[in-house]
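Since the structure comes first, as structure tokens, the remarks are kept for the end.
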Amino acid sequence: MRKKVVAANWKMNLTIEESIELLQKIKNHINIDTKEVVLCVPFTNIYTCKEETKNTNIHIGAENLYFEEKGAYTGEISSSMLLSLGVEYVIIGHSERRQIFNENDEMINKKVLKALSKNIYPILCCGETLEQREKNETLSIIKNQLSKDLINVTKEDAMKIIIAYEPIWAIGTGKTATSSQAEEVCKYTREIIKELYDKEVSENVRILYGGSVKASNAKEIFAKENIDGGLIGGASLTEEFIDIVKA
Ligand code: PEP
């Protein structure tokens, strides 16, 4: 039985004061041990969020990392730095990183391998643009991304990865994929994992849906057989996140 995961992606939002304010409102309501609740927050907020969620079941994650160990990479953050803050999860390959910061699958693969080498769980994002969906390319895009992003990832490590299917046209747009559109791609994603690894990995890997998930649609989406929870952007910045975790 796969444990459901509800992960927040705060993106470039919330100062330290605002994070404390939000956490104080929500933390007791999302301190649930039947689901994995992960808050992926800006680097600057990690320490405070760890402190604020001490003695709870809430996990803290980062939104990115750099694949090199250390050195002259001004502005970047290494996996050891994240580990020393107690970070357990990291979002890798978010479409905003792919599109705005030109991250390609080769870099994403290096980041995945680096995170796994430090026992930080990658939340690996994949997804298609609207144009690709309209050209019927969704499934081949997902297959292409995952096959490249998972190069040299062992079977044992693959089980630790959380995959987030995030159609780019649904992120931050208010346009959610229907639960059957989301299920179709998540089911296919599981098949790709079976092809790349085996049945055991495909049955155990957690696959999330992300893209304008709200309290009003979360229950229907999370109820689908191949969807093990969600990656939540905008709605994780308010108390609405409580209802999504409970959905
Ligand atoms: C995201 O950024 O991962 C995301 C799913 O955003 P939103 O929920 O705002 O669409």
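In listed order, ligands and their atoms are each counted from 1. Side chains are part of it too, since the values below use all heavy atoms of this structure and drop only hydrogens, waters and symmetry mates.
The residues R98 and E103 are annotated as not salt-bridged, no charged nitrogen and carboxylate oxygen being separated by less than 4.0 angstrom. We find that E69 and K118 are joined by a salt bridge, their nearest charged nitrogen and carboxylate oxygen being less than 4.0 Å apart. Salt bridge absent: D243 and K246 never bring a charged side-chain N and a carboxylate O closer than 4.0 Å. We find that E195 and K143 are joined by a salt bridge, their nearest charged nitrogen and carboxylate oxygen being less than 4.0 Å apart. A salt bridge is defined here as a Lys NZ or Arg NE, NH1 or NH2 lying under 4.0 Å from an Asp or Glu carboxylate O, and K4 with D33 fails to meet this definition. Salt bridge E200/K155: present, at least one basic N to carboxylate O contact under 4.0 Å. Ion pairing of E106 with K148 is absent here, as no side-chain N (NZ or NE/NH1/NH2) approaches a carboxylate O to less than 4.0 Å.
Contact check for I221 versus T176: side-chain heavy atoms found under the 4.5 Å cut-off.
Here is the list of ligand 1 atoms found below 4.0 Å of a heavy atom in A170: 10 (O). Short contacts between ligand 1 and N9, defined as distances under 4.0 Å to a heavy atom of the residue, involve ligand atoms 1 (C), 2 (O), 3 (O). Which parts of ligand 1 touch G234 is read off a 4.0 Å heavy-atom cut-off, strictly below it: atoms 7 (P), 8 (O), 9 (O). With ligand atoms numbered from 1 in the order given, ligand 1 contributes 5 (C), 10 (O) to contacts under 4.0 Å with heavy atoms of G211. Listed by number with element, the atoms of ligand 1 under 4.0 Å from a non-hydrogen atom of S212 are 7 (P), 8 (O), 10 (O).
For L231, no nitrogen or oxygen atom sits less than 3.5 Å from a nitrogen or oxygen atom of ligand 1, counting backbone and side chain alike. In terms of polar-atom proximity, G172 is counted as a contact of ligand 1, with an N or O under 3.5 Å from an N or O of the ligand. Any N or O atom pair closer than 3.5 Å counts here, and E166 shares at least one such pair with ligand 1. At a 3.5 angstrom cut-off on N or O pairs, I171 does not count as close to ligand 1.
Looking at E63, H94, K175, it is H94 that brings a heavy atom closest to atom 1 (C) of ligand 1. Comparing A7, A235, G233 against atom 4 (C) of ligand 1, the shortest heavy-atom distance belongs to G233.
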